[in-house]
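Reviewing the structure listed below.
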Amino acid sequence: MERYFSKDYSEARQRFLAGAEARPIAIATYENPARGPAGEGLFTDVARIGPASARRVLVLESGLHGVEGYAGSAIQLAALESVELPADGDVALLLVHAVNPWGFASNCRFNEDNIDLNRHFIDWDVPGNLDNPGYRDIADFLIPADFSEEALAVSDAKLESYRRDKGEQALRSAIKLGQYSHPEGLYFGGMKPSWSARTVQRIAEEHLRAAEFCGLIDVHTGLGPFGFGECLSGMAPDSEEGKRCSAWYGHVAHTKSPKTDYAGSAASILDGYKRAAPWPVWTPIGLEFGTRSEQLVRDAVRFDGWLHLNGGASNPRAGAVKAMMLDAYRPDEAEWRAAVVTRGLEVVGLGLAGISG
Ligand SMILES: [Zn+2]
């Protein structure tokens, strides 16, 4: 199963194109005007298994958080090889590969504009409708001053002091809820629609027009127990959508619950697809695979934030920071990779069964 994992974005893309050709199915390509760190071209690619007329479409998406795309891409490659659709001709599986190709190629969570796309799908017509005052409190010390254990310890001490004053949940929210005030900071939600958001809009219009019922499985890594893949819903468990998520997938964690470890952003891609294609009935979930400890993952993100402020890929420490990011979001262990693909295919199967009614 680990053979589905690629060494970098460009290899993942080539394998995705080859997998579509082998099936064979057509590819729709959306080119990002930015280039990757090695000058490589960047694309979101869309492949559809099943008829264009299908009224029931399950979307399987990878790479919203760039570096987390290795897992989603691996599941998509495996799905291209093995997924069989219900025979009634009314169900399709739409594979959206690398929706944040710059982040994937750069081994970053954020995109070419330093935007965290899972904090980004807000209503742009309502200015300032999201704010995160907690981020303002910690912005000056969340990112370490340099790439060293000493700088990390200084930052940690200040975060710990904030946690003692305000509580664990307040610290979590301050860091991860998303912020709209510091464009060079972490978990920045953006100020206008990004290339990826415009691409999601085009994908909705070009591939979901005939759909009446849609599911979304948006694959992520970096939170939860090692190799464990948890389904997440952005809706309350007793809402109609929340009930459908549970009926399709079994146990589902609800990110807006106050007790959750998950960020519970109000502007995730789960809302993004609904906004881009409001006509079908949606049953969207995130599928989150645990990797390392929360602290290790958080430290990798903080040093990656430092790298962003200090020259990015051209900084001499870039290789060391990126090694931390890869370990935090795409562990090397064969058992982790096998667990991701096995569970990913299982969840795709549940989604296809669910959407078939
Ligand atoms: Zn993610």
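For ligands, and for the atoms within them, numbers begin at 1 and follow the listed sequence.
- Residue pairs satisfying the salt bridge (charged side-chain N to carboxylate O under 4.0 Å, His left out) criterion with at least one member in residues 301-310, sequence neighbours excluded, are listed as follows: D156-R302, D299-R302, D304-K322.
- Residues F110 and Y187 place their aromatic rings such that the two centres sit no closer than 6.0 Å.
- Salt-bridge check for K176 with E294: failed, with every basic side-chain N at 4.0 Å or more from each acidic carboxylate O.
- Inclusion of E68 in the first shell of the Zn ion (ligand 1) is supported: an N, O or S atom falls under 2.8 Å.
- Per residue H220, closest N, O or S atom to the Zn ion (ligand 1): atom name ND1.
- For H65, the N, O or S atom closest to the Zn ion (ligand 1) goes by the atom name ND1.
- In terms of the side chain to side chain contact (heavy atoms under 4.5 Å, CB included) criterion, residue partners of V154 (sequence neighbours excluded) are, by chain and number, K158.
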